[in-house]
Amino acid sequence: MRPAPEQQRRREGLIFLALFALTIPAANWLIGHVGTTCIPQGPCVLPVAPGLMAPSGVMMVGIALVLRDLVQRRLGTVMSGLAILFGSGLSALLAPASLVLASATAFLLSEFADLAVYTPLARRRLVAAVAASSLVGLVVDSIVFLWLAFGSLDFLAGQVVGKAWMVLLSIPFVAWLRRRDQRLHQPGMIFFQRGER
């Protein structure tokens with residue numbers, strides 16, 4: 001028997017919320033353990049474009065931005081805002097001591113920037129809303145983190161490209177989710193937002 005629309009919406013929202021929370025420890029683990037090169041006393045890096053390297057943990061930031069949008073779609077703006085605050089605290093807790101301020105501040109500002117762009121756009125075009133809000137969020141995250149952590153934007157291009165790849169790879173799933181929501185739409189269902197195409 002298929003679950004009621006409200007139950008399905010809530011269950012999917014909780015899954016997206018759990019995955020969103022997991023991106024933070026995943027980013028911290030990746031940056032110290034996965035990459036084509038691991039810099040002594042520094043991050044592990046990998047290529048994100050020809051001649052362009054980025055710390056491996058940045059991949060999780062792109063995914064986190066998309067997941068935040070999906071949390072908002074399923075659980076609402078208030079829950080999404082609370083998830084951002086929780087994520088910022090978790091980011092500060094798990095970051096290396098020297099990067100606590102940069103990590104928590106970048107997470108907080110980038111996720112709220114993502115929320116600010118996503119919210120007005122999602123009613124019309126979900127895929128465009130996710131892409132635009134994630135792009136804004138990943139640029140904010142990269143600039144804030146690099147400036148606060150290192151006082152330099154030398155690695156900005158690699159950070160932006162690495163995060164953008166993960167957003168790009170998530171777009172087919174977001175498009176599928178939108179089509180499924182439209183197909184399941186019935187009066188009273190919350191999956192589909194009015195006016196969205």
Side-chain angles (χ1 to χ4, degrees), residues 1-27 57-91 103-142 144 160 162-197:
M1 184 175 170
R2 179 176 285 181
E6 179 66 20
Q7 290 176 324
Q8 187 174 347
R9 180 187 67 81
R10 188 176 303 115
R11 186 176 62 223
E12 288 179 3
L14 292 173
I15 291 168
F16 295 145
L17 182 62
L19 292 173
F20 175 74
L22 288 173
T23 61
I24 299 162
V58 304
M59 303 304 180
M60 288 294 107
V61 176
I63 294 171
L65 291 163
V66 173
L67 286 168
R68 193 224 57 81
D69 293 342
L70 297 178
V71 167
Q72 181 174 341
R73 182 170 175 79
R74 290 295 189 249
L75 301 179
T77 305
V78 171
M79 182 59 79
S80 178
L82 291 173
I84 293 169
L85 295 175
F86 172 78
S88 297
L90 189 59
S91 185
S103 181
T105 304
F107 186 91
L108 182 73
L109 294 178
S110 66
E111 293 290 343
F112 273 118
D114 179 89
L115 184 145
V117 173
Y118 173 84
T119 301
L121 295 178
R123 294 195 177 276
R124 293 191 190 96
R125 296 190 179 274
L126 176 65
V127 174
V130 169
S133 64
S134 296
L135 180 62
V136 169
L138 67 87
V139 170
V140 169
D141 182 82
S142 300
V144 171
V160 168
K163 294 167 191 173
W165 274 118
M166 300 314 288
V167 173
L168 185 63
L169 290 173
S170 72
I171 293 300
F173 173 73
V174 174
W176 171 83
L177 188 65
R178 177 187 54 81
R179 285 192 305 273
R180 192 199 65 174
D181 287 356
Q182 289 175 327
R183 191 177 67 249
L184 296 176
H185 179 59
Q186 298 171 9
M189 281 186 70
I190 305 174
F191 283 105
F192 178 67
Q193 300 187 15
R194 273 182 224 288
E196 180 191 294
R197 287 179 268 168

In sequence, state the C-alpha distance, the side-chain angles, and the governing distance for V136 and D114, and then conclude on side chain to side chain contact (heavy atoms under 4.5 Å, CB included). CA-CA 6 Å; V136 169; D114 179 89; over 6 Å; no

Minimum heavy-atom separation for [X] to [Y], with atom names?
X: S134; Y: D69; value: OG-OD2, 3.8 Å
X: P25; Y: L90; value: CD-CD2, 4.3 Å
X: A83; Y: L17; value: CB-CD1, 3.5 Å
X: F86; Y: A21; value: CE2-CB, 4.2 Å
X: S88; Y: A104; value: O-CB, 3.7 Å
X: P120; Y: A116; value: CD-O, 3.1 Å

R178, R180, R179 screened by side chain to side chain donor-acceptor pair (under 3.5 Å) with Q182, the one that passes: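 The passing option is R178.
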
Distance check, rounded to the nearest 0.5 Å: [X] atom [atom1] versus [Y] atom [atom2]?
X: L109; Y: I84; atom1: CG; atom2: CD1; answer: 10.5 Å
X: S80; Y: L85; atom1: OG; atom2: CG; answer: 10.0 Å
X: Y118; Y: E111; atom1: OH; atom2: CD; answer: 13.0 Å
X: S170; Y: L70; atom1: OG; atom2: CG; answer: 8.0 Å

Can you list everything that forms a side-chain contact (heavy atoms from CB on, under 4.5 Å) with I63? Sequence neighbours excluded, please.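 If we apply the side-chain contact (heavy atoms from CB on, under 4.5 Å) test to I63, skipping adjacent residues, the hits are T23, M60, L67, M166.
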
Apply side chain to side chain contact (heavy atoms under 4.5 Å, CB included) to the pair F20 and V66, showing each step before the final yes or no. CA-CA 9 Å; F20 175 74; V66 173; over 6 Å; no

Strictly distance-based, threshold 3.5 Å: is any side-chain N or O of S110 a donor or acceptor partner for the main-chain N or O of F107?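 Side chain of S110 to backbone of F107: a pair is present.
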
Tell me whether F173 at atom CZ has more than 12 heavy atoms from other residues, nucleotides or ligands lying less than 6.0 Å away.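 Yes, the 6.0 Å shell around CZ holds more than 12 heavy atoms from other groups.
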
Which one of T119, L115, L121 satisfies the side-chain contact (heavy atoms from CB on, under 4.5 Å) criterion with V117?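 Per the side-chain contact (heavy atoms from CB on, under 4.5 Å) rule, the option paired with V117 is L121, out of T119, L115, L121.
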
Kindly indicate, with the supporting measurements, whether the criterion side chain to side chain contact (heavy atoms under 4.5 Å, CB included) is fulfilled by L65 and K163. CA-CA 9 Å; L65 291 163; K163 294 167 191 173; 5.8 Å; no

Given side chains that start at C-beta, do those of L126 and V174 come closer than 4.5 Å, heavy atoms only?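 Yes, their side chains come closer than 4.5 Å.
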
Set out, in order, the CA-CA distance, both residues' side-chain angles and the distance that settles side chain to side chain contact (heavy atoms under 4.5 Å, CB included) for R73 and F16, then state yes or no. CA-CA 10 Å; R73 182 170 175 79; F16 295 145; over 6 Å; no

